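This report concerns only the one structure given below.
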Amino acid sequence: MIGKKVGSWLITEEIGDGGHAFVFKGLRGDETAAVKMLKPSACEENIRRRFELEADTLATLRHPNIVGFRDYIEQDGYHYLVIEYMDAGGIDTLLASGPMALEIALPIFDQVLQGIAHAHAFGFIHRDIKPNNVLLNRHGEAKIADFGIAKALGSGTNLTRRGFILGTSVYMAPEYLTAAECDEKTDVYALGVTLYEMLTGRRPFDFVSPDEPLPSFVARLTRDPLVPASAFVPQLPPAIDAILAKALERDKKKRYRSVSKFREDLVAAFPDVVGRPLRIRAGRAEALAVDGTTQPSRFDRPVAPLPPPPFAWLSSREAVFAIGGFALGAIGTLVVAGSAGKAFLTGVACAAASALASIAQRRRGRFEVARAAAKRLAASDPVDIAIAETASGESIPYFSGPARRIESANTGDSELGAWLVVEGPAESAIRFGLRPVSRIGRDERFDVRPTDPEISRQHAVVTFDGTGFTLRDLGSANGTFVNDVRIAGETRLRHGDRVRIGRTTLRFDFPARGR
């Protein structure tokens, strides 16, 4: 893929490998973006539709704290989603060095709350909030990503087969794990788990071992008491424990009823911390002081209550009943009032009735945008193989024990359907699955590592350009050969080609292009 153009974007490097997509850095003039490529092995109808759903969702939810949508491209039979490039990794990158200080965690988390509140205002539930789904840039901005399994409330779209759930188990609310119930409070719980992990470096409930059955985990989740975050980080103030306890309530009726309420408590408890500007460098975040000695950045902002979602007050039952009652009272008064009073009250009643009709119309249309985004994804018989995951990434059918993952020898799996297969009696069973960028050598970090002392530590590299593979020698001591011809620079590989490095011969196996 390196050097290939996807639409108008030039692919320059691979920056990630997700469950269903490779992620590349793309350039277009002075603009940088992240280009997600749906893996060929993930092109089943339901997964492709989820990829499209993510594109539609991001295109709909324009917000400073939701990763920006750039383009959706179908090219050479592959699907690409182009999104905003974030240059500081995710929250999980910061957690790699340990728990985050309060003055670092809260400004980041506050931005996450604002982004999710915006999504909820348009009827979208994220369903997979976790640290590595919140991306950061060096200016301290946090943006939510991966809306591929977002649920559009009221859309009627169902991409999940009955009996299966979506997301990552340790961030799921109890009612979601046990009954597949999903609403705004599902995200509130996941946000609580995320904040707990940011402050303590651990999750409030986790699998005791990689092979613990899901029912065992769920039993502990619904039974064991929550250990306060301050038990692990004593310097945390009591207010944090109280806020986390409410966000992580097992009984959803006692949980924060909205992300806005969650944020209100954080702002009230920590007004001088929540809005503090940050800077992120090399996987570490620094809180910037806002005083006379520090130049305020464009990210400095006063702490203010989260603005209400569009027509949020219209969802209030009290507002509906109040206006409706007033209208009925006014109409009743017309019966006994004089002519002047009747004229005045008639106008008031008409205005109230009009407001009531407007409320009803807007309440019905609240999820209109979500419906439109999901409409073309609906199918007459949507079937999904969606699954939850254990802490080790294993697949788990809903409410059953984890299915053991059967590992193939070495790196035999290939999302691109291409391999380098070792030929000869010694290692004839070994094959190396190819990725968009596959390095060959004796370095343990490389993808193709035959046990051959004559192979250079960094010998060659195979790259995928969207339609096929190119082999390039990296200046090895004894050269790289294709069909017994030493290559100078790089050469295009064809299905069945023999690649020789050192004393090892590898057969290039790319069945999709073998005809």
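Note that this is a predicted model, so its numbers are computed, not measured.
- Between Leu266 and Leu113 there is a side-chain heavy-atom pair separated by less than 4.5 Å.
- Put simply, the side chain of Glu84 gets close to the backbone of Gly68: a donor and an acceptor are under 3.5 Å apart.
- Using a 4.5 Å heavy-atom cutoff, the side chains of Val448 and Leu434 are in contact.
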### Query
After noting the C-alpha distance and the side-chain angles of Met100 and Ile91, does the key distance pass the side-chain contact (heavy atoms from CB on, under 4.5 Å) rule?
CA-CA 10 Å; Met100 300 162 62; Ile91 289 177; 4.2 Å; yes

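- Annotation for Ile144 and Val112: closest pair CD1-O, 3.4 Å, computed over non-hydrogen atoms.
- Between the CZ atom in Arg127 and the CG atom in Asp146 there is a gap of 13.5 Å [rounded to 0.5 Å].
- At least one donor-acceptor pair under 3.5 Å links the side chain of Gln111 to the backbone N or O of Gly140.
- For the pair Trp419 and Pro511, the minimum side-chain heavy-atom distance is below 4.5 Å.
- In this structure the side chain of Leu106 never reaches within 4.5 angstrom of the side chain of Ile108, judged on heavy atoms.
- A donor-acceptor pair is defined here as one N or O able to donate and one able to accept, closer than 3.5 Å; such a pair exists between the side chain of Gln75 and the backbone of Gly7.
- Put simply, the side chain of His459 gets close to the backbone of Gly479: a donor and an acceptor are under 3.5 Å apart.
- The backbone N or O of Tyr78 sits nowhere less than 3.5 Å from a side-chain atom of Asp76 that would complete a donor-acceptor pair.
- For Ala34 against Ile15, the heavy-atom pair with the smallest separation is CB-CD1, 4.4 Å.
- To the nearest 0.5 angstrom, Ile125 atom CD1 is 10.5 Å from Tyr176 atom OH.
- Using cut-offs of 30° and 60° for the angle between ring planes, the Phe232 and Tyr196 rings count as perpendicular.
- No side-chain donor-acceptor contact under 3.5 Å links Ser476 to the backbone of Ser456.
- A 4.5 Å side-chain heavy-atom check between Leu136 and Leu94 finds at least one atom pair inside the cut-off.
- Here the side chain of Gln458 pairs no donor or acceptor atom with the backbone of Arg442 at under 3.5 angstrom.
- How far CG of Asp87 is from CD1 of Ile280: 8.5 Å, rounded to the nearest 0.5 Å.
- In the displayed structure, Arg492 atom CZ is contacted under 6.0 Å by more than 12 heavy atoms of other residues, nucleotides or ligands.
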### Task
Carefully, step by step, assess Lys185 and Glu175 under the rule salt bridge (charged side-chain N to carboxylate O under 4.0 Å, His left out).
CA-CA 10 Å; Lys185 293 185 177 182; Glu175 71 275 5; over 6 Å; no

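- Of all non-hydrogen atoms in Val82 and Ala33, the two that sit nearest each other are CG1-CB, 3.6 Å.
- In summary, the side chains of Arg28 and Ser8 do present a donor paired with an acceptor at a separation below 3.5 Å, with no hydrogens or angles considered.
- Between Leu506 and Ile501 the shortest heavy-atom distance is CD1-CD1, 3.7 Å.
- Between the side chain of Asp56 and the backbone N or O of Ala59 there is no donor-acceptor pair closer than 3.5 Å.
- Inter-residue side-chain proximity for Val482 and Leu471 is flagged as met; some heavy-atom pair is nearer than 4.5 Å.
- We find the CE-CG distance between Met198 and Asp92 to be 11.0 Å, quoted to the nearest 0.5 Å.
- Contact annotation: the side chain of Arg138 never approaches that of Leu278 to less than 4.5 Å [non-hydrogen atoms, C-beta and beyond].
- For the pair Gly192 and Leu248, the tightest heavy-atom approach, listed with the atom from each and the gap, is C-CD2, 3.7 Å.
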### Task
Could you check Arg263 against Asp110 for salt bridge (charged side-chain N to carboxylate O under 4.0 Å, His left out), going step by step and ending with a plain yes or no?
CA-CA 7 Å; Arg263 183 174 185 258; Asp110 178 57; 2.3 Å; yes

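- The distance from the CG atom of Asn133 to the OH atom of Tyr171 is 9.5 Å, given to the nearest 0.5 Å.
- Using modelled atom types and a 3.5 Å distance limit, the side chains of Asn483 and Asp497 yield a donor-acceptor pair.
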### Query
Between Phe122 and His118, is a ring pair (Phe, Tyr, Trp, His ring centres under 6.0 Å) present by the stated rule, with each step listed?
CA-CA 7 Å; Phe122 284 89; His118 179 78; 5.0 Å; yes

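- Taking 4.0 Å as the cut-off between side-chain N and carboxylate O, Asp128 and Lys130 count as a salt-bridged pair.
- A side-chain donor-acceptor contact under 3.5 Å links His63 to the backbone of Asn65.
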### Query
Do Glu197 and Arg202 pass the side-chain contact (heavy atoms from CB on, under 4.5 Å) test, and can you show the C-alpha distance, the side-chain angles, and the key distance before you say yes or no?
CA-CA 5 Å; Glu197 185 174 0; Arg202 62 181 71 206; over 6 Å; no

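- When each of Arg435, Lys4, Arg439 is tested with Glu14 by the rule salt bridge (Lys or Arg N to Asp or Glu O under 4.0 Å), just one qualifies, namely Arg435.
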### Task
Test Lys25 against Val35 for side-chain contact (heavy atoms from CB on, under 4.5 Å), laying out the working first.
CA-CA 6 Å; Lys25 185 177 180 179; Val35 181; over 6 Å; no

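- Taking 4.5 Å as the limit, some side-chain heavy atom of Phe109 sits within range of a side-chain heavy atom of Leu191.
- Counting heavy-atom neighbours within 6.0 Å of Arg507 CZ, excluding the residue itself, gives a total above 12.
- The distance between the ring centers of Phe469 and Phe508 falls below 6.0 angstrom.
- Closest heavy-atom contact between Met172 and Tyr189: O-CE2, 3.2 Å.
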### Task
Check step by step if side-chain contact (heavy atoms from CB on, under 4.5 Å) holds for Lys36 and Ile83.
CA-CA 8 Å; Lys36 296 178 67 173; Ile83 59 176; 4.0 Å; yes

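- Under a 3.5 Å cut-off, the side chain of His126 and the backbone N or O of Ala145 do form a donor-acceptor pair.
- The distance from atom OG1 of Thr504 to atom CD1 of Ile440, rounded to the nearest 0.5 Å, is 10.5 Å.
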